[in-house]
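Notes for the one structure printed next.
Letters A, B, ... are given to chains in the order of the sequence lines, protein chains preceding strands, and every chain is numbered from 1.
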Number of protein chains: 2
Amino acid sequence: MTTNARGPSTRTARTSRTSAQEPSAAALDDTDRKLLALLAEDATRTYAELGKLLFLSAPAVHERARRLKREGVIKATVAALDAAKLNRPLLAFVHVDTTSWAVTRQLLALQELSDVEEIHTVTGESAMLLKVRTRDTQSLEQLLARIHAIEGFTGTRSYIALTTYLERGPSSNL
Amino acid sequence: MTTNARGPSTRTARTSRTSAQEPSAAALDDTDRKLLALLAEDATRTYAELGKLLFLSAPAVHERARRLKREGVIKATVAALDAAKLNRPLLAFVHVDTTSWAVTRQLLALQELSDVEEIHTVTGESAMLLKVRTRDTQSLEQLLARIHAIEGFTGTRSYIALTTYLERGPSSNL
DNA sequence: CTTGAAATCTTATTGGT
DNA sequence: ACCAATAAGATTTCAAG
């Protein structure tokens, strides 16, 4: 009988149907979450390196990664670009107050603009929230002018970011 | 003499010093921007495939990608995770009104929480803006309670996202 | 799941145009 | 600056325990 240094009773939570998860939520064990955290930080690591960090073999890591991609937990592997280096140092959050929800469709046309990073409908006094990144204040003004050209909203309020202390994607809890 | 189908006079804007760019901005030509857009969308493509799309050879693409990483335009290559699959379906933007800037330091401790995705100081009536993603409204309430435990702020206003129509990172203009 | 190994593909480099 | 070809390395897949 061989002693297993990395835990003989590693239960896989995936196979246990103890609690019915929400429809869109995936069943993940601690190793999955640790792997996701590592890949969310740097996806260029080799499976051998990941295996070392996770105390697993390379093929095992590969299989997990494949499953997570297939299940959609990993949506994509993308390059994270530096906005400042792309001549977009000005980050702003724009609240758009609309009178009717019909205006929403008009605002969706803004996703064509590369200045616009996020478009959400939100609760509260404003109906929509935009995260935009422009070259300078003039570019921001042009964008606001374009929004103002659309009929059916009360106005906009812009919050310009002075310093960004943290900016990352969704991370797994562990 | 051979006819070059992909444009014989492809000027490289990199070598021309026509306009003094801002210190942190990198000099990029159209091919660079197109490459960045492709990598920002899907970084798992092979250099051969990228070469096809850019009408370049694999080594040429590789050299450009290497330079862009070295210059910091490409900060990292990361896995984009699905927040809903990670049991974080609730997205909210929290405006924090503070009386003094000294409170900023306290709020920076929040970056330890995996719920918090972004922390900015902003102009306008509120001093700080947080982008948070929680499992449910109760988790959001706990987070807000933690913020309220800090002294020296007027209050918070939360905007809960109902639908996210667009969410992407910084993209290159072309 | 692990180990080991083989096949395939990608990446990195060299020299040449 | 790009291309072609080579060399090196990684990923992926398979088999056996």
Side-chain angles (χ1 to χ4, degrees), chain A residues 1-16 26-36 38-71 73-74 76-80, chain B residues 1-18 26-36 38-71 73-79 172 174:
Chain A
M1 181 206 227
T2 63
T3 56
N4 193 339
R6 25 186 196 287
S9 62
T10 304
R11 288 174 267 91
T12 56
R14 201 175 312 110
T15 52
S16 68
L28 307 169
D29 61 13
D30 289 358
T31 306
D32 286 332
R33 278 188 275 271
K34 225 175 253 176
L35 174 58
L36 288 170
L38 288 169
L39 292 177
E41 183 184 273
D42 180 11
T44 64
R45 275 185 270 239
T46 65
Y47 288 127
E49 192 175 351
L50 291 168
K52 264 190 179 176
L53 296 167
L54 297 169
F55 304 104
L56 253 65
S57 69
V61 177
H62 172 241
E63 191 188 336
R64 281 176 185 267
R66 236 180 62 84
R67 175 175 50 81
L68 292 168
K69 282 179 190 172
R70 182 170 43 80
E71 290 176 355
V73 182
I74 298 176
T77 301
V78 300
Chain B
M1 181 217 226
T2 63
T3 56
N4 193 338
R6 30 189 194 282
S9 61
T10 304
R11 287 172 268 91
T12 57
R14 202 174 310 110
T15 52
S16 69
R17 297 205 192 91
T18 51
L28 308 169
D29 62 12
D30 289 358
T31 305
D32 286 331
R33 277 187 276 269
K34 225 174 257 177
L35 174 58
L36 289 169
L38 288 169
L39 291 176
E41 184 184 271
D42 180 11
T44 64
R45 274 184 271 239
T46 65
Y47 286 131
E49 192 176 350
L50 291 169
K52 265 190 180 180
L53 295 168
L54 297 170
F55 304 105
L56 254 64
S57 71
V61 177
H62 172 241
E63 190 188 338
R64 281 175 184 267
R66 234 180 64 83
R67 174 174 51 82
L68 291 169
K69 282 178 189 171
R70 181 170 44 79
E71 290 176 355
V73 182
I74 298 175
K75 289 189 295 185
T77 301
V78 301
S172 47
L174 239 169

task: Report yes if at least one side-chain N or O of B:His62 is closer than 4.0 Å to OP1 or OP2 of C:dT11; otherwise report no.
output: no
task: Using a cut-off of strictly less than 4.0 Å between a heavy atom of the residue and any atom of DNA chain C, enumerate the qualifying residues of residues 44-51 of chain A by number.
output: none
task: Grab the CG-P distance between B:Leu54 and D:dC3 for me, whole Å please.
output: 11 Å
field: Length of the line joining B:Phe55:CZ and D:dC3:P, which is rounded to integer Å
entry: 12 Å
Presence of B:Arg64 side-chain N/O under 4.0 Å of D:dC2 phosphate oxygens OP1/OP2: yes
message: Without decimals, in angstroms, what is the distance between A:Arg66 CZ and C:dC1 P?
response: 13 Å
task: State whether the side chain of B:Arg45 and the backbone N or O of B:Leu38 hold a donor-acceptor pair below 3.5 Å, judged by distance alone.
output: yes
- request: Test A:Glu49 against A:Lys52 for side-chain contact (heavy atoms from CB on, under 4.5 Å), laying out the working first.
  value: CA-CA 5 Å; A:Glu49 192 175 351; A:Lys52 264 190 179 176; 5.7 Å; no
message: Please report the distance, rounded to the nearest Å, between CZ in A:Arg67 and P in D:dT12.
response: 16 Å
- request: Could you tell me the separation between the CG atom of A:Leu39 and the C1' atom of D:dT11, rounded to a whole number of Å?
  value: 14 Å
side-chain contact (heavy atoms from CB on, under 4.5 Å) evaluation trace for B:Leu39 with B:Thr77: CA-CA 9 Å; B:Leu39 291 176; B:Thr77 301; over 6 Å; no
task: Rounded to the nearest angstrom, tell me the gap between atom CD in B:Glu63 and atom C1' in D:dC2.
output: 9 Å
Integer-rounded Å distance: D:dC2 C1' and B:Asp32 CG: 14 Å
message: Side chain of B:Ser57, heavy atoms from C-beta onward: which of D:dC2, C:dT2, C:dT13 has the nearest atom to it?
response: D:dC2
task: Carefully, step by step, assess A:Arg64 and A:Val61 under the rule side-chain contact (heavy atoms from CB on, under 4.5 Å).
output: CA-CA 5 Å; A:Arg64 281 176 185 267; A:Val61 177; 5.7 Å; no
- prompt: Closest heavy-atom contact between B:Asp29 and B:Asp32?
  reply: OD1-N, 2.8 Å
CA sep, side-chain torsions, deciding dist, call: B:Leu36, B:Leu28, side-chain contact (heavy atoms from CB on, under 4.5 Å): CA-CA 10 Å; B:Leu36 289 169; B:Leu28 308 169; 4.0 Å; yes
